[in-house]
Amino acid sequence: MLKVLQQDQIRMADRATIAREPISSTDLMERASRIFSDWFQQHYPPNKLVLVVAGTGNNGGDGLAVARHLYHAGYTVVVNIIKLSEPGSDDFLINLERLDRLRIAKTEVINPADLFEADRETIVVDAMLGSGLNRSLDGLAAAVVDKLNQSGATLVSIDVPSGLNADGPTTGPCIRAANCLSFEVPKKALLLPDSQEYCGTWSVLPIGWLPSASGELPCREFLVQHQDLADVFPHRLRFSHKSQFGHVMVAGGSNGMRGAAWLCALAALRAGTGLSSCWLTGSGPDYCPGAPEIMHPEHPELLLSGAIVAAGPGMGKSEKARIQLGRILEEATLPPVLDADAINLLADDPSMLKLVPPGSVLTPHPGEFRRLFGESANGFERLEKL
């Protein structure tokens, strides 16, 4: 799993790596820019014009280093430096001096009209502002963002899109990136729907933090990766059989909504369960078309011991559904997965919440979450309530 760290923690991990490796901040920036450039070369051909839009902070220093690496790799590179501060960070100035030794067209932008006219054939490397931003953009920075967003160019952001608040809701202008390359750890904003219009497709690029630099930082939020899930699944031996891979019983599927239960039972089979069955809330056909392997036991309540129960898909909120859910919460021997109407029933009758076993998994969509916990202004507030 990858830690999802706050911005002050990311700065701490940078400083710890610099102090303990040891490595200079400029050399760490050089390492990050090489990794970004390698990714860029794998995804964009060198027959495109590359415009690097750099601020005067450390994110801009990253951008100037990337411009140098892409130039050496054969790309046609143009650099625009957005004069947001004077003179700039130390690492920015070091990389500016290195850039000046090369024949790369460079323009200082002090008003939006100075910005290079990018078009649909241009790849823009956005290195204006990094992940430490905690306010809305205005003035020159906001005007540059608006112009780039309207240009039709492909925008690729270093670390985060310029204007994005990495730890909270973004309230002002922000680059709408096609790709975002986040260094070392994902930023919280990348993981919430509030930021989806800005972040496009994003990846995490390791830049060589010392494991201890981030390992010792407290964290309550993690990004689960493919390998984390793969490690959970039991290995299937040549003589394995279905009874060794568990039983998932889906409780739900009221009249007119049986498809939801069937889909869940099919998903359990695809995920690798040995046995999959349905305890339908409604009456009518007790089979899943095209999936005869899904069982419909005559007395499903007798199977609550030993089965993982997924309760709620298409269950409805009838009295029959409420009784069914209550029986599951009281008699199931393993913590259940509670979805859809199982969550809505809990919201309607909070006294049932005390019956939910520790270790249960709830999977609410935003509407179901709201019924349980009330309104949230944005995804960040919803996460805090969670």
Side-chain angles (χ1 to χ4, degrees), residues 7-8 10-11 14-15 25-26 28-30 32-33 36 50-70 77-100 102 104-118 122-151 153-177 179-183 187 189 195 198-199:
Q7 295 316 297
D8 58 342
I10 291 173
R11 288 190 286 271
D14 273 336
R15 289 196 293 267
S25 60
T26 306
L28 184 61
M29 181 177 288
E30 184 74 6
S33 65
F36 179 95
V50 177
L51 169 64
V52 177
V53 177
T56 50
N58 282 353
N59 195 248
D62 286 328
L64 298 185
V66 165
R68 178 162 37 84
H69 294 311
L70 294 180
V77 180
V78 174
V79 174
N80 278 188
I81 296 174
I82 315 303
K83 298 293 286 185
L84 300 177
S85 63
E86 291 285 357
S89 71
D90 290 343
D91 288 333
F92 167 82
L93 293 173
I94 289 171
N95 277 286
L96 180 61
E97 180 182 353
R98 292 174 178 176
L99 187 79
D100 286 340
L102 304 175
I104 297 178
K106 173 172 65 67
T107 301
E108 292 188 350
V109 175
I110 56 176
N111 65 70
D114 300 330
L115 192 70
F116 181 88
E117 292 292 337
T122 309
I123 310 295
V124 175
V125 175
D126 162 36
M128 186 166 62
L129 292 162
S131 57
L133 186 74
N134 57 9
R135 60 177 179 82
S136 297
L137 297 187
D138 55 17
L140 176 60
V144 169
V145 165
D146 288 340
K147 190 168 182 180
L148 290 174
N149 283 339
Q150 295 169 22
S151 68
T154 299
L155 309 180
V156 182
S157 292
I158 296 179
D159 209 23
V160 297
S162 291
L164 189 80
N165 182 346
D167 289 338
T170 295
T171 56
C174 183
I175 288 289
R176 290 184 171 86
N179 297 107
C180 172
L181 287 305
S182 181
F183 289 145
K187 282 49 176 190
S195 310
Y198 308 123
C199 300

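Quick note: numbers below take in every heavy atom, side chains included, and nothing from hydrogens, waters or symmetry partners. Each residue takes its place number in the sequence, starting with 1.
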Given K187, which partner from the list D167, N165, D159 fulfils the side-chain hydrogen bond (donor to acceptor under 3.5 Å, both in side chains) test? D159
Counting neighbours of CD1 on I110 that are heavy atoms of other residues, nucleotides or ligands and sit closer than 6.0 Å, is the number greater than 12? no
On a heavy-atom basis, which atom in C199 and which in C180 lie closest, and how many Å separate them? O-CB, 3.8 Å
Under 3.5 Å: donor-acceptor pair, side chain of N80, backbone of F116: yes
Taking it one step at a time, do S195 and L164 satisfy side-chain contact (heavy atoms from CB on, under 4.5 Å)? CA-CA 8 Å; S195 310; L164 189 80; 3.9 Å; yes
When you compare the side chain of L181 with that of S157, does any pair of heavy atoms fall below 4.5 Å? no
Over all heavy atoms of both residues, which pair between R11 and G132 is shortest? Give the atoms and the distance, please. NH1-CA, 4.1 Å
Using every non-hydrogen atom in the two residues, find where I158 and N59 come nearest and quote the distance to one decimal. O-ND2, 3.3 Å
If I take atom NZ from residue K106 and atom CD1 from residue I81, how far apart are they, to the nearest 0.5 angstrom? 5.0 Å
For A118 and L51, work out which heavy atoms get closest and say how close. CB-CD2, 4.2 Å
For a side-chain contact (heavy atoms from CB on, under 4.5 Å) with I82, tell me which candidate from L129, V145, L115 qualifies. L115
Does D90 CG have over 12 foreign heavy atoms under 6.0 Å away? no
Do side-chain atoms of D146 reach the backbone of A143 as a donor and acceptor pair under 3.5 angstrom? no
Between T26 and M29, does a side-chain contact (heavy atoms from CB on, under 4.5 Å) hold up when you go through it step by step? CA-CA 5 Å; T26 306; M29 181 177 288; 5.5 Å; no
Could you measure the distance from the CD1 atom of I10 to the CZ atom of R15? Nearest 0.5 Å is fine. 11.5 Å
Compare every heavy atom of A65 with every heavy atom of S33, then report the nearest pair and how far apart it is. OG-CB, 3.3 Å
Carefully, step by step, assess D126 and L155 under the rule side-chain contact (heavy atoms from CB on, under 4.5 Å). CA-CA 7 Å; D126 162 36; L155 309 180; 5.5 Å; no
Please check: side-chain N/O of N149 versus main-chain N/O of R176, any donor-acceptor pairing under 3.5 Å? yes
Specify the closest pair of heavy atoms between R68 and L99, including all atoms of both residues, with the distance to one decimal. N-CD1, 4.3 Å
Please tell me if the side chains of V156 and F36 come closer than 4.5 Å, counting only heavy atoms from C-beta onward. yes
From CA spacing to verdict: side-chain contact (heavy atoms from CB on, under 4.5 Å), N95, E30: CA-CA 9 Å; N95 277 286; E30 184 74 6; 4.1 Å; yes
Rounded to the nearest 0.5 Å, what separates atom CG in L84 from atom CE in M128? 6.5 Å
Roughly how far, to the nearest 0.5 Å, is CG of L96 from CD of E108? 7.5 Å
